[in-house]
Amino acid sequence: MAFILILSLIACSGSGDNKQENTASSPSAAPESSQAPSGDKIKLVFWTFDRHDSDFVKEVVDRYNSTNPDNIEVEVTSMAENYVQSVDIAFSSNQTPDILRPNQDTTIPFVKKGYLEPLDGYLTEEMKEKFGPTFQDQVNQFDGKTYSLPNFGYTLRLIYNQDLFDKAGIQKPPTSLEELVATAKAITEAGKADGQYGFALNFKSPKSALDRSAREILQLSGYDGFGFDIRQGKFDFSPYAPIIEAFKQMKDDGSMLPGVESLDIDPLRAQFAQGKIGMYLSYSAEVGVYSNQFPTEINWGAAQAPSIDGTVKGAAGFANSGQWLAISSGSKNKEAAWKFLTYMYSDDVLQTYHERGLGVAAVPAIASKASKPDIKNSDGFMLTEYDALWPLPPAVNIQGLDYGSAFLKYMLEGGGSLDQTIEDLNARYNDALGKAVASGEVKVTPDPGFDPLKLQGTMLAQ
């Protein structure tokens, strides 16, 4: 049924029936594309998974549709669920959208599958100068080709309910795992009778939950946030141990919201907005979420996440900062799609995106002139010396459970050994890494001199 529904969506919003063949020649620098005959609308389909900025995107797309001189009309479809599956089906059925929204999890597989069109032939010298400082290998550039340009990034923070802190007599957000556990317990003891609990995570998607929580705790503590040892050039999940034990302790002592194992991020946000959750860890997108998606009257704030022992030995990762929009390789109107991207990547759109608190500007030329977002709690998410771009770990295809699912299984089942879980993860991830290196899919160069302390302040220096 899900497959049929996705095919129906493609049939309704796909680009196949909406495109007209173009006999006009394209600029020599740009890839070949088709165009509608004069007088006919050129209809473009734009697929995204973002929800926090949906109102803004609709606003700027509506403005583009009513003002662009090229007779282009863009239709936006936001897919909260099954985005990647829908893209795969669209390409297999040759009914692809024209514009895609890749991110740090999908860019590499999309490039490998040939879904994204290189943008190098379209980029002007002015755009290369504007976006050049943000280009990263294996982020938006692959084998010397550029597939997407950045707009914004997410800082990672501890989100907390000040009202519940006050109720429990807590003076400040926790700075260590020990304090995190104690704070969650105190909030629960003070509010459990009212259905209020100290902590929650979206464990319906275990890897997503850890990537927005354990990741920043690890990085602030001086470790890679995805289990990769940069110095040795191999995977080592042992630094996760104290974090997983702390999460398990909160689950075991009843400090976590009941049912977190089946909780997705939006239901979690809804519970937080209703004042039922004391703390969770997430991205700076929460500013827009609680202004638009789940408006709330609670007194909430954002603080730097705790480190493992209270000592900061690195910097929290600046997440999802390398990509925003891309042209589908299956688009029949690539030239028109590029015109739309040029509009979306204009200074006005990028600057407004930042100033409305939808994301922290990742383009230095925009960040240098944009005003501070005039939106509640945005201050807590602005870049500090403890935010930085970390080297990305190699992408590997493992057999069995990923680290999120493996750690969740340990936390829920309570049996077995965490050391054995970590040993198994190390073996399977490094086996997959070895195969990927041998096949030439990835390159790994150990960096024995890597110092996470040197990452501090680098974002502010751009």
Side-chain angles (χ1 to χ4, degrees), residues 52 153-188 191 196-203 208-223 225 240 242-247 249-251 255-257 260 263 265 268-269 271-273 275-290 294 296 298-320 357 360 376-388:
H52 75 285
Y154 294 127
T155 53
L156 291 151
R157 297 290 186 264
L158 176 80
I159 318 299
Y160 65 94
N161 182 326
Q162 184 64 54
D163 297 329
L164 297 188
F165 271 42
D166 294 342
K167 184 176 180 178
I170 300 166
Q171 301 301 315
K172 60 182 179 63
T175 59
S176 68
L177 288 178
E178 183 179 2
E179 290 182 3
L180 179 70
V181 172
T183 300
K185 187 173 183 179
I187 290 172
T188 304
Q196 298 162 341
Y197 293 84
F199 191 76
L201 279 173
N202 57 314
F203 279 123
S208 170
L210 292 186
D211 287 353
R212 70 179 68 231
S213 60
R215 170 185 179 176
E216 55 184 311
I217 296 172
L218 285 165
Q219 291 173 330
L220 286 167
S221 302
Y223 302 103
Y240 274 81
I243 301 171
I244 300 305
E245 292 289 22
F247 288 174
Q249 184 176 344
M250 289 189 285
K251 183 74 170 66
S255 298
M256 277 197 189
L257 185 77
V260 289
L263 191 65
I265 188 60
L268 183 156
R269 288 162 167 165
Q271 291 286 306
F272 182 82
K276 302 299 183 181
I277 299 171
M279 300 175 290
Y280 71 104
L281 294 127
S282 194
Y283 303 105
S284 49
E286 310 309 88
V287 173
V289 166
Y290 295 121
F294 297 109
T296 181
I298 68 170
N299 181 21
W300 69 277
Q304 182 173 291
S307 63
I308 291 174
D309 62 4
T311 305
V312 177
K313 303 173 184 176
F318 189 48
N320 288 323
V360 180
K376 182 180 178 181
N377 291 322
S378 61
D379 283 354
F381 295 98
M382 291 296 100
L383 287 171
T384 74
E385 63 177 309
Y386 299 113
D387 296 296

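- For the pair Leu180 and Met250, the minimum side-chain heavy-atom distance is below 4.5 Å.
- With rounding to the nearest 0.5 angstrom, the CG atom of Asp166 is 8.5 Å from the CG atom of Asn161.
- Gln271 and Tyr280 share no side-chain donor-acceptor pair at under 3.5 Å.
- From Ile244, atom CD1 reaches atom CG of Leu210 across 5.0 Å, with rounding to the nearest 0.5 Å.
- Here the closest heavy-atom approach between residue Tyr386 and residue Gly314 is recorded as CD2-O, 4.0 Å.
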Walk me through it: do Leu263 and Phe203 pass the test side chain to side chain contact (heavy atoms under 4.5 Å, CB included)? CA-CA 6 Å; Leu263 191 65; Phe203 279 123; over 6 Å; no
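- Using a 4.5 Å heavy-atom threshold, the side chains of Tyr160 and Ile170 count as separate.
- Formation of a donor-acceptor pair under 3.5 Å by the Asn377 side chain with backbone atoms of Trp300 is found in this model.
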Kindly indicate, with the supporting measurements, whether the criterion side chain to side chain contact (heavy atoms under 4.5 Å, CB included) is fulfilled by Leu281 and Phe199. CA-CA 9 Å; Leu281 294 127; Phe199 191 76; 3.8 Å; yes
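- A donor-acceptor pair under 3.5 Å is formed between the side chain of Thr155 and the backbone N or O of Phe381.
- By the 6.0 Å contact criterion, NZ on Lys185 is open, its count of non-hydrogen atoms from other residues, nucleotides or ligands being 12 or less.
- For Ser221 (side chain) and Ser307 (main-chain N/O), no donor-acceptor pair under 3.5 Å exists by modelled atom type.
- In terms of modelled atom types and a separation under 3.5 Å, the side chain of Tyr240 and the main chain of Arg215 share no donor-acceptor contact.
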Would you sort out whether Leu177 and Ile243 count as a side chain to side chain contact (heavy atoms under 4.5 Å, CB included), showing the intermediate values? CA-CA 7 Å; Leu177 288 178; Ile243 301 171; 3.9 Å; yes
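- With hydrogens and angles left out, the side-chain atoms of Asp387 and Thr384 include a donor and acceptor closer than 3.5 Å.
- Residue Ala315 comes nearest to Ala388 through the heavy atom pair CB-CB, 3.8 Å, listed as atom of the first residue, atom of the second, then distance.
- Outside the 6.0 Å centre-distance limit, the rings of Phe272 and Phe294 are not counted as a close aromatic pair.
- Shortest non-hydrogen contact noted between Ala200 and Leu257 is CB-CB, 4.1 Å.
- The minimum heavy-atom distance linking Asp309 with Ser176 is given by the pair C-CB, 3.8 Å.
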Would Tyr283 and Leu156 satisfy side chain to side chain contact (heavy atoms under 4.5 Å, CB included), going step by step from the backbone distance to the final call? CA-CA 5 Å; Tyr283 303 105; Leu156 291 151; 3.2 Å; yes
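- Looking only at atom types and distance, the side chain of Thr183 has no donor-acceptor partner in the side chain of Glu179 under 3.5 Å away.
- A distance of 8.0 Å separates OG in Ser213 from CG in Asn202, rounded to the nearest 0.5 Å.
- The backbone N or O of Arg157 sits less than 3.5 Å from a side-chain atom of Glu216, completing a donor-acceptor pair.
- Atom NZ of Lys276 is separated from atom CG of Leu164 by 9.5 Å, given to the nearest 0.5 angstrom.
- Taking a 6.0 Å sphere around OH of Tyr223, one finds it holds 12 or fewer heavy atoms contributed by other residues, nucleotides or ligands.
- Summarising the geometry of Ala273 relative to Tyr290, their closest heavy-atom pair is CB-CE2, 4.0 Å, with the distance given to 0.1 Å.
- The backbone N or O of Gly317 lies less than 3.5 Å from a partner atom in the side chain of Gln219, making a donor-acceptor pair.
- Interatomic distance, Ile159 CD1 to Met279 CE, rounded to the nearest 0.5 Å: 12.0 Å.
- For the atom pair Gln304 CD and Leu158 CG, the distance stands at 10.0 Å (nearest 0.5 Å).
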